[in-house]
Each structure stands twice: as structure tokens, then as C-alpha cells.
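None of these values were measured; they are calculated from a predicted model.
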Amino acid sequence: MSNIAPIMMQCHRFQPAPDLVPWLAQGWEWRLGHPQPMPEMFPGTGAEILFNLGDPLTITILSSADLPRTVTVATGTAVLLCPRHARLRFAAHGQTHLLGLRLRSSACFDLFGVPLEQLSDRVLSLDELGIVCPDPEWLMQERAGGLGAWLRQQVASRPPRDLALVRAIEQLYYGTPAIELQQQLGMSARTFQRRLHRHLGVDARYFLRTTRFQRALRQLLSGAPSLDALLEQGYCDQPHFIKSCHFFTGRS
């Protein structure tokens, strides 16, 4: 769910420093010495910044509404990914070395100021978005520390911010009803939905549908009894979950 799972422990994860927690879920580094099958990225709720320090790779955008589109990510290029309705399929063409930042649900708009409606289901280089990238050779040396330092620069370059909506979106992710958050923020329903769409790229209803699937999948992968996990997350029965699974992953 808007994440890339590790294959055979080849992926090293880094937890964010306390000052970056409002924006960053985690950082990670993935290295493979030769081309291997790579997992797909499913529709999710956050955004991913990938710094490609290895050989070129391709990302294919798979959507039920459009024909597949393929983008090549050259060595030294950084891209921003915000899948909401599409799946992203990766193919390596040599040695793989990726550094990644997994941004929280509301962080992308808050950091870069580009509405998510313009970013969703696309593969965009940071250069295209006018975002200054760190030097690839410096990143090769600094790795996780370099990712954190670069992200701090992005946070510092933005004007002072009110984190009330950022915190509300985090609460929404974990199941707080949208109407309750709207009232807490003192917004009309229309204003709340408009601001959510700008931060998330989707409305509250679709966002909640995605988060429910993510939470259920996380419980199932942790070994929880399947039916208990599905009912706890609000699914009526197993076929209800299977339908949702097929919608987000293309698989039963």
C-alpha cells in the first residue's frame, strides 16, 4: 500500500528523527546486485520519493481507466510517486540501488505546495516539479543521513505552517470519522473536502476505503486470524474484502 516491500531482506529501513515525524513515515535503501523481479506499488494514501542511484529502471503505470504508460528513471534521477487509483510496476535493467522517502498522507502538498490532484497516478521527476535534488554522489556517501538533511531543507524552506489539518488527516487515517474532524477544525463540509482533496488527491470517502484495506492487509500479514481482522476493519465478510483486494491490487 503505497510502499515497496523488501525482498529477501535486501531492503533496509530507517525510522525518522522526531523533528521529521509529521512528514516522514520512514526512509529506506534497497540494493540488488543484478536484475530481479520487483514488487508492485499499489494505490495508497501517501507519497514516495525515489532516488535512483543504480542502473536505469522503468516504471509502468497500470490503470483500469487508461492504457499502460511506461517511464524510464535514469541513473541519478529522483521521482515522486503518488499512486491513488493506479498500480505501479517496476523493472530493473541492471544493478538496483534505490533510496526512498515514504511521506505521510498530507506531507506532499504541505512540503512542496503542489496540489495532489496534479500529482496522483503519475511518475514525475523532482526537476519537473522545480524541487532541487541532492547530489547523487553525496547521497551515495551519506545515505539515510543525507535523506534526513535534504528533507529538513525542504521543511525549512516552507513558510510557517498550521499542523491542525496534518494531524486531522493522520486521525482520519486511523479511523476517526470525517464529520468529527470537520467539526474540530471548524470547517464547512465543502471546505473540508476541498482541502482534503488538495492534500490527498482524493475525497474522504475514497481515502477511508484505502486506509481500511491497508489496515486489514497489515493485520493479515502480521498473522492475525483472517475473519477477525476483516470484521475489525469494517468488512462485512470475506467476499467483501476479496472485492476490495481485487480493486486495489488486481488480484483476488
Chemist: Thinking salt bridges, do D19 and R152 make one under a 4.0 Å N-O criterion?
Modeler: yes

Chemist: Short question: side chain of D55, backbone of Q95 - any donor-acceptor pair under 3.5 Å?
Modeler: yes

Chemist: Using the side chain to side chain contact (heavy atoms under 4.5 Å, CB included) rule, pick out the option among F213, Y173, Y206 that qualifies with T45.
Modeler: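 Of F213, Y173, Y206, side chain to side chain contact (heavy atoms under 4.5 Å, CB included) with T45 is met by Y173 alone.
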
Chemist: Determine, step by step, whether L88 and E48 satisfy the side-chain contact (heavy atoms from CB on, under 4.5 Å) criterion, reporting the C-alpha distance in whole Å, the side-chain angles of both residues, the deciding distance to 0.1 Å, and the verdict.
Modeler: CA-CA 12 Å; L88 304 182; E48 201 97 26; over 6 Å; no

Chemist: Ignoring hydrogens and angles, tell me if any N or O in the side chain of D127 forms a donor-acceptor pair with the backbone of G130 under 3.5 Å.
Modeler: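 A pair under 3.5 Å: no.
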
Chemist: Given 3.5 Å as the limit, does a donor-acceptor pair link the side chain of W150 with the main chain of L139, or not?
Modeler: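 No, because the side chain of W150 does not come within donor-acceptor range (under 3.5 Å) of the backbone of L139.
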
Chemist: Please walk me through it: do F90 and W30 pass ring pair (Phe, Tyr, Trp, His ring centres under 6.0 Å)?
Modeler: CA-CA 13 Å; F90 298 80; W30 192 9; 8.0 Å; no

Chemist: For E117, does its backbone N or O pair with a side-chain atom of S120 as donor and acceptor, under 3.5 Å?
Modeler: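 No, because the side chain of S120 does not come within donor-acceptor range (under 3.5 Å) of the backbone of E117.
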
Chemist: Within the side chain of R158, is there an N or O that forms a donor-acceptor pair under 3.5 Å with the backbone of D110?
Modeler: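 Yes, R158 side chain to D110 backbone: donor-acceptor pair under 3.5 Å.
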
Chemist: Kindly indicate, with the supporting measurements, whether the criterion side-chain contact (heavy atoms from CB on, under 4.5 Å) is fulfilled by T191 and L185.
Modeler: CA-CA 10 Å; T191 298; L185 294 169; over 6 Å; no

Chemist: As a test of understanding, state which of F112, F109, F192 forms a ring-ring contact (aromatic ring centres under 6.0 Å, His included) with H199.
Modeler: F109

Chemist: Linking I/L/V/M/F/W/Y whenever their side-chain heavy atoms sit closer than 4.5 Å, directly or via other members, would M41 and L103 fall into one cluster?
Modeler: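 Shared cluster, no.
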
Chemist: So, does D121 use its side chain to make a donor-acceptor pair with the main chain of A86 at under 3.5 Å?
Modeler: yes

Chemist: Which residues pass the salt bridge (Lys or Arg N to Asp or Glu O under 4.0 Å) test with E170, not counting sequence neighbours?
Modeler: R104

Chemist: Test the R215-Y174 pair against the cation-pi criterion, namely NZ or CZ under 6.0 angstrom from the six-membered ring centroid and within 45° of the ring axis.
Modeler: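 No, a cation-pi geometry is absent between R215 and Y174.
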
Chemist: Go through the structure and list residues passing salt bridge (Lys or Arg N to Asp or Glu O under 4.0 Å) with R251, not counting sequence neighbours.
Modeler: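 R251 satisfies salt bridge (Lys or Arg N to Asp or Glu O under 4.0 Å) with E40 only.
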
Chemist: Is it the case that the side chain of T75 and the backbone of G54 share a donor-acceptor pair, with hydrogens and angles ignored and the cut-off at 3.5 Å?
Modeler: yes

Chemist: Is the side chain of T249 donor-acceptor paired with the backbone N or O of C245 at a distance under 3.5 Å, no angle test?
Modeler: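 Here the side-chain-to-backbone pair exists.
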
Chemist: For the pair R122 (side chain) and Q118 (backbone), establish whether a donor and an acceptor sit closer than 3.5 Å, ignoring hydrogens and angles.
Modeler: yes

Chemist: Run the salt bridge (Lys or Arg N to Asp or Glu O under 4.0 Å) test on E29 and R143 for me, step by step, so that the C-alpha distance in whole Å, both residues' side-chain angles and the decisive distance to 0.1 Å come before the verdict.
Modeler: CA-CA 8 Å; E29 181 178 22; R143 301 170 62 201; 2.5 Å; yes

Chemist: Mark yes or no for whether R84, through its side chain, and L200, through its backbone, hold a donor-acceptor pair below 3.5 Å.
Modeler: yes

Chemist: Mind running side-chain contact (heavy atoms from CB on, under 4.5 Å) on L151 and L111 for me, showing each step along the way?
Modeler: CA-CA 9 Å; L151 190 59; L111 287 174; 3.7 Å; yes

Chemist: May I ask you to check whether over 12 heavy atoms, not counting those of E180, lie within 6.0 Å of atom CD?
Modeler: yes

Chemist: Hydrophobic clustering (ILVMFWY, side-chain heavy atoms < 4.5 Å, transitive) - are W138 and L98 grouped together?
Modeler: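 L98 and W138: separate clusters.
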
